[in-house]
Amino acid sequence: MEEAKQLFKKLKIYSLLDLALIIPTSYNDTTLSTSLELGKVQTLEAKVVESSIFNGKLRITFNLTQSGRRLSSTFFRVTPYHHKLFEVGSSHIIQGKLEEYKGYLQMVQPKSIKQIGKVTPKYKTVLKESEVSSLMEVYITEQNLYNEGLDSKEVATLMYIHFPKSIEEIYENGKFKSDFTKVLKFVEAFNHIKKLRGKRVDFPALRALDGSITSFIENLPFTLTQEQQSVIAQIQRDLAKEDKAAKRMVVGDVGSGKTMVILASVMMALPYKSILMAPTSLLALQLYEEACKHLPHSVNVALVMQGKDKGDYSEADFIIGTHALLYKEDLPQASLVMVDEQHRFGTKQRASLEALVSQDEKKPHFIQFSATPIPRTQAMMQSELLDVSLITTTPFEREVLTQAISKTDFPNLLQHIKEEIEQKHQVLIIYPLVEESSEVPYQSLEESRGFWESKFDNLYVTHGKDKQKEEVLLEFREKGDILLATTVVEVGISLPRLTLIVIVGAERLGLATLHQLRGRVGRNGLKSWCYLYSNATENFRLEQFTKTTNGFDIAKLDLKFRDSGDILDGTIQSGQRFKWLDLAEDEEIVSYAKVRVRSTPVI
Ligand code: ADP
Ligand code: MG
């Protein structure tokens, strides 16, 4: 038992199904071959008729029992054992790749097989083959698989795969049969969801919240979209519970109107307090302004930022702040805690905000907002851990024309940039690096700076390590024409006059990042352009990207291209990698696996 535990640890597996999902990479089949197939591994009955040494190599001639044909074999690594084994007159079952040379059958270094008719799985792991096989023998039993909640077909499939009787039973054209693959996809999803479900922990809420949102909604200058409304309704149901604090993540593209969901939630929490944490002071300020604009004046809003608070947070109904919130020791207790653009915070920061305002066993309702769309299947899985709502549409269609361009288009690009600036619009140029590097076949921000400065006035420059980043962005928003930056501007700040973005070396970036960057332009409905500048002559991935505008579709595309060998950056949700399951395609399987997990008793 203890030994098995050690082996499990080495394999980095934690459940019986993890073990069952270690699938043989191939099988060793010692079933006698019925015909002679060239180029394939064959198992044949043979008798030694001649043995000789040639250039230090052992050459054996066999007579094949079934066909009566001759076959010659060469052994390169010869030991006395080989001489003894292949004595003239001895009979064997030989196995090896059958080939033909000038009409003579050949088999290089064949093995002499002791037992025929046996199919042995080959596992590629960090363990010895014998160790894996013995784990399989002990743990992969029908009984154990049924206990995990699998049905008879799934159990049978896994038993076939690990303990096959014949290769035909499992393979079709050298691959697993298609219904086997389907079962493996299912088992993978089922196992993953089961583990997640085990991890969810719920706490009682500080209190149930049911403040009215009617007047707030009636006073908005627009009607909420269907999806905004349904997410708000979900949150209403969450907050009305006292025995269970809400734990929800609202995922929606940039511009999908998440702020209105935040404000509606603040209304529900009244007369109790809400806190919202945002990743940058710019964003916090923007949220503060929107809250003041849309919430009834009777709602007291305060802003907490390093060194520059607005309003008195000890009195406020709604406190908005940056991570500076985490350092306030006298933060009042809130019944609702929210985090905007949660993907930009570390897990620790999010947890410490929640902890800061929790009281003993009871917790505030907790809602996070993310602008990184994830595939629906992934959302379905994640919703085992916390509830997930998706906002997949935006209130108004944004007109952003995306185009892949290269060097020859540069004069046209310059012309276009001039035209936009003449119309008091702004332009953003994204460089892959701040300084020159031999690794990247594009100019860096510093190398190009001089060129742009010679052509344009009101030019601003910033990058990730720039301490003045926020100030530069704020000043650019008011006075700038053109901004040179690295991917850092991937922040939620809105630059309403920005209508043209150029991404240099676009093929180097993940689609999620490209999409975030593209989301910077056209925020106020102005017609906008996103140019993907690339030296790569043809890039299918970028072509697909130019045709796709919805973030959720991009997330799906990203999954498809993940193994395409493009250089991807770290912003893609790393998530779990699956061997059989395809998160872009297998929505049905995931949803079925969820149902099955729910109906599986916990043993
Ligand atoms: P997100 O935070 O999801 O990126 P915002 O909440 O900032 O998006 O909304 C983007 C813009 O759309 C804002 O100017 C907001 O006032 C506006 N907006 C939000 N909901 C609607 C709606 N239902 N109809 C029209 N405009 C809306
Ligand atoms: Mg937002």
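Just follow the structure's listing: the first ligand is 1, and inside any ligand the first atom is 1. All residue numbers refer to positions in the sequence shown, counting from 1.
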- Query: Counting only heavy atoms not in E447, do more than 12 fall under 6.0 Å of its CD?
  - Reply: yes
Ligand 1: which protein N/O atoms lie under 3.5 Å from its N/O atoms?
from: ligand 1; atom 1: 3 (O); to: S256; atom 2: N; distance (Å): 3.3
from: ligand 1; atom 1: 3 (O); to: S256; atom 2: OG; distance (Å): 3.4
from: ligand 1; atom 1: 3 (O); to: G257; atom 2: N; distance (Å): 3.1
from: ligand 1; atom 1: 3 (O); to: K258; atom 2: N; distance (Å): 2.9
from: ligand 1; atom 1: 3 (O); to: K258; atom 2: NZ; distance (Å): 2.7
from: ligand 1; atom 1: 4 (O); to: G255; atom 2: N; distance (Å): 2.6
from: ligand 1; atom 1: 6 (O); to: K258; atom 2: N; distance (Å): 3.3
from: ligand 1; atom 1: 6 (O); to: T259; atom 2: N; distance (Å): 2.9
from: ligand 1; atom 1: 6 (O); to: T259; atom 2: OG1; distance (Å): 2.7
from: ligand 1; atom 1: 8 (O); to: G257; atom 2: N; distance (Å): 3.2
from: ligand 1; atom 1: 20 (N); to: Q228; atom 2: NE2; distance (Å): 3.0
from: ligand 1; atom 1: 23 (N); to: T223; atom 2: O; distance (Å): 2.9
from: ligand 1; atom 1: 23 (N); to: Q228; atom 2: OE1; distance (Å): 2.9

- Query: side chain to side chain contact (heavy atoms under 4.5 Å, CB included) with A246: which residues, sequence neighbours excluded?
  - Reply: D238, L239, H365
- Sequence neighbours excluded, the answer for salt bridge (Lys or Arg N to Asp or Glu O under 4.0 Å) partners of K348 is none
Indicate every side-chain donor-acceptor pair of residues 259-272 with a distance under 3.5 Å to a residue at least two apart or in another chain.
from: S265; atom 1: OG; to: V261; atom 2: O; distance (Å): 2.7

- N-O pairing of R197 and E384 below 4.0 Å: no
- Query: Using a distance-only test with no angle check, is there a side-chain donor-acceptor pair under 3.5 angstrom linking K469 and T280?
  - Reply: no
